[in-house]
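First the structure, in the form of structure tokens, and then the observations on it.
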Amino acid sequence: MKRTLAFILSLSMLTALTACSDNSSDDENATEIITDANGNEYDYRYQMYASMSPEEIVAQLTLEQKAAQMVQPAVYNITEKNMKKNDYGSILSTTECIGAAEWRETVDVFQKAAIKSKSGIPYIYGQDDVHGVNYCMNAVIFPHNIGQGAANDEELAYQVGLITADEAKLCHMLWNFSPCVAQSVDPRWGRTYESYGSDLETITKLSTAYTKGLIDGGIVACTKHYFADGNVVYGTGEQSDVNMLIDRGDAQLSDSEIDALMKVYQAQIDAGVQTIMISHSSLNGVKMHENAEYIMKLKNEMGFEGFIVSDWGAVGNTSAPSYAEQVINSVNAGIDMLMETDSFDEAQGIIMDAVDSGDIAEERVNDAVTRIIRVKKDAGLFDDPLCENITTKQSDTGSPEYRAVAEQLVEESLVLLKNKNKVLPFKEGTKIYVTGPAADNGQAQCGGWTMLWNGAPTEDVPGVTTILEAFEKYADDYGIEVITDNKKASDADAVLLCVGEQAYAEWNGDTEDLGLCGSLGLEGNAKAIKEAKELGKPTVTCIVAGRNVILDEKNYTDWDSVVMCYLPGSEGKGISDVLCGCADFTGKLPSDWYGSLEQIGTDKCFLKRGHGESYGAGFKPRREPETQTD
């Protein structure tokens with residue numbers, strides 16, 4: 001979903017509710033006293049609701065209040081005053097990357113407004129924390145899903161969920177739009193790195209473990225994007241305000257292929273996932289946001305009791321000629337909450353008018369709001385809306401303990417494509433010339449969904465240890481010498497060449513060429529490759545990219561060793577440790593690696609899924625240096 005910057009969010013605190021209705025006082029700081037049918041008094045409605053069932057709560061709400069629960073504005077489009085007046089069901093997104101304390105303040109300002117509103121329903125803050133709490137300063141940034149697919153470690157996937165939940169709770173953001181369970185089919189798709197790979201069994205295993213980690217960690221998970229977002233056909237990309245090559249396109253699938261993909265969602269439901277997000281894409285020509293047949297399968301056939309949320313502004317790209325008809329069709333198709341980030345008030349009004357006209361049955365609205373409130377109650381929002389009693393394992397984001405888990409995942413995600421002449425691991429006494437545009441580039445190393453939607457604004461990312469920084473910081477422990485001055489490159493015994501892709505998100509990553517030195521390759525890739533060849537030294541190439549990019553055959557032949565790093569995130573030491581022999585390579589390719597565009601979609605490829613070499617028999621890991629904190 002698109003994440004845009006907007007005006008800086010005001011963090012001023014909300015004034016208290018006006019005096020109770022039977023008191024004519026104009027004192028804005030007076031608190032309304034709520035009385036239930038038994039004469040019990042409460043300061044806030046949510047306290048009264050805490051002992052009620054979701055159905056009983058819904059029965060207390062007006063149509064306007066119910067419709068407000070069904071929409072989700074972006075945080076930069078509303079104020080505390082808006083929230084107190086309307087009490088929207090959820091808020092999402094970000095204005096900038098801020099620290100945990102600032103996030104708590106941001107979330108709590110709106111929660112105070114929500115619980116002081118006439119309906120008094122606590123809202124839930126949603127965020128795309130897809131590889132850690134990636135919009136929070138100094139949070140741990142894990143490898144993107146494609147790297148986790150290469151690691152294929154179920155226990156670590158569960159730990160990633162637990163840690164993400166713990167750091168999200170430190171921000172009071174209790175709804176995570178993750179995991180993405182897309183099947184990677186065509187690497188030209190810009191969201192390939194959000195997939196665990198092409199194997200449905202691996203996707204199911206890792207995503208389910210991650211979801212369980214989020215839930216056990218105390219937050220709400222959201223499986224996405226339903227349905228078949230990774231199976232779309234190249235050339236069918238959505239044509240709206242942006243003309244896309246493949247993203248949001250049409251998945252043209254047989255019944256057996258659909259059944260296989262549905263099993264992934266059944267596993268998520270069985271694991272207890274609380275919400276499911278609908279895909280922008282189409283299934284056999286029908287936009288998923290109006291595909292009642294498949295949305296209702298979740299509720300009627302698969303036992304899903306949570307709620308369905310639309311994706312960012314997706315309702316407006318469905319087939320109906322007017323926005324009103326689009327909203328009506330989406331709600332009637334079974335979507336419970338509309339992520340209409342800019343048009344939320346209009347969508348709310350359309351829902352109300354449609355109920356009055358009979359175009360949407362009020363029973364449909366009641367079902368949607370009951371589901372939304374049930375998820376909120378189960379998340380503890382009616383017991384502790386301001387997270388005053390919330391428990392976390394850590395007191396701040398970016399703890400050494402959590403970074404150690406991320407570092408282990410980096411180690412396991414690395415795939416050794418080749419190791420000619422046994423250049424790796426680097427031996428003690430080796431002088432290494434480190435070069436290439438990905439060597440000291442936190443922006444490329446973390447990829448999209450880091451600080452900002454399309455990636456960090458600069459190469460220097462707070463809390464990230466780059467590949468070069470790791471080699472330099474631990475050079476003495478490894479017994480190596482690091483050279484970065486190109487004038488001294490000839491003194492080196494070996495070259496560490498770091499190349500890769502630019503950071504991107506969604507359709508910005510759609511590509512026609514897929515080349516390492518193509519349109520989305522890092523500027524400087526070709527120059528660094530040429531420099532390494534001219535030096536004539538043994539060369540180890542690290543590829544930092546969100547997918548298996550097409551490599552020049554001559555370049556690949558020239559390189560002695562090649563390591564696919566995918567998008568490793570914040571812990572560059574995981575790379576330096578493995579290359580210097582502190583651990584062996586265990587990662588395997590999560591998808592086929594194509595050697596040309598013509599091979600995509602065929603059974604031909606450069607390297608098969610599951611390929612990955614190791615140091616071999618007799619390898620003995622050296623002692624890993626203790627991680628140094630800045």
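- Seen from the ring of W175, K224 does not count as a face-on cation partner, given the 6.0 Å and 45° thresholds.
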Below 3.5 Å, can you tabulate the donor-acceptor pairs from side chains in residues 290-303 to any protein atom, sequence neighbours excluded?
residue : atom : partner : partner atom : Å
E290    : OE1  : S319    : N            : 3.4
E290    : OE1  : S319    : OG           : 3.0
E290    : OE2  : S319    : N            : 3.4
E290    : OE2  : S319    : OG           : 3.0
N291    : OD1  : Y294    : N            : 3.4
K299    : NZ   : G334    : O            : 2.8
K299    : NZ   : D336    : OD1          : 2.9
K299    : NZ   : D336    : OD2          : 3.1

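- For the residue pair S119/D87, the side-chain donor-acceptor check at 3.5 Å is satisfied.
- For Q65 and Q69, the side-chain atoms include no donor-acceptor pair closer than 3.5 Å.
- Side chains of K169 and C387 form no contact here, defined as non-hydrogen atoms less than 4.5 Å apart.
- Ion pairing between E154 and K205 fails under the 4.0 Å rule for side-chain N and carboxylate O.
- Between I98 and T106 there is a side-chain heavy-atom pair separated by less than 4.5 Å.
- Residue H131 is tested with N145, T164, T450 for a side-chain hydrogen bond (donor to acceptor under 3.5 Å, both in side chains); the sole match is T450.
- When only modelled atom types and interatomic distance are considered, D229 and H280 share no side-chain donor-acceptor pair under 3.5 Å.
- Under the 30°/60° scheme for interplanar angles, the aromatic rings of F110 and Y123 are found to stand perpendicular.
- Side chain to side chain, T211 and Q268 meet the donor-acceptor criterion of an N or O pair below 3.5 Å.
- When only modelled atom types and interatomic distance are considered, D128 and N134 share no side-chain donor-acceptor pair under 3.5 Å.
- With contacts defined as side-chain heavy-atom distances shorter than 4.5 Å, the pair E167/V140 qualifies.
- For the residue pair Y158 and D216, a side-chain donor N or O sits within less than 3.5 Å of a side-chain acceptor on the partner.
- For E363, there are no salt bridge (Lys or Arg N to Asp or Glu O under 4.0 Å) partners, not counting sequence neighbours.
- Y504 and N454 share no donor-acceptor pair across their side chains, judged by distance under 3.5 Å alone.
- Here the side chains of N231 and L261 are in contact, with some heavy-atom distance below 4.5 Å.
- Looking at D247 and W189, their side chains come closer than 4.5 Å, going by heavy atoms from C-beta outward.
- When each of T275, V369, V220 is tested with F307 by the rule side chain to side chain contact (heavy atoms under 4.5 Å, CB included), just one qualifies, namely T275.
- Between F344 and Y88, the gap from one ring centroid to the other is short of 6.0 Å.
- Side-chain polar atoms of D166 and Y402 form a donor-acceptor pair below 3.5 angstrom.
- Electrostatic pairing of D367 and R371 counts as a salt bridge here, judged by a charged N lying under 4.0 Å from a carboxylate O.
- The closest side-chain heavy-atom distance from I372 to M337 is below 4.5 Å.
- E412 and Q408 form a side-chain donor-acceptor contact under 3.5 Å, judged by distance and modelled atom types alone.
- The environment of CD in E55 is crowded: more than 12 heavy-atom neighbours from other residues, nucleotides or ligands sit within 6.0 Å.
- With hydrogens and angles left out, the side-chain atoms of N317 and K287 include no donor and acceptor closer than 3.5 Å.
- With 3.5 Å as the limit, one finds a donor-acceptor pair spanning the side chains of Q266 and D270.
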Verdict with reasoning, W103 to Y135, per ring pair (Phe, Tyr, Trp, His ring centres under 6.0 Å): CA-CA 9 Å; W103 268 119; Y135 289 129; 7.6 Å; no
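- Side chain of N176 to backbone of D129: a donor-acceptor contact under 3.5 angstrom is found.
- For the residue pair N40/D36, the side-chain donor-acceptor check at 3.5 Å is satisfied.
- W453 and E506 share a donor-acceptor pair across their side chains, judged by distance under 3.5 Å alone.
- The closest side-chain donor-acceptor pair between Y196 and T204, if any, does not fall under 3.5 angstrom.
- Taking 4.5 Å as the limit, every side-chain heavy atom of M70 sits out of range of all side-chain heavy atoms of Q348.
- Residues I115 and P385 form a side-chain contact, since some pair of their non-hydrogen atoms from C-beta on lies under 4.5 Å apart.
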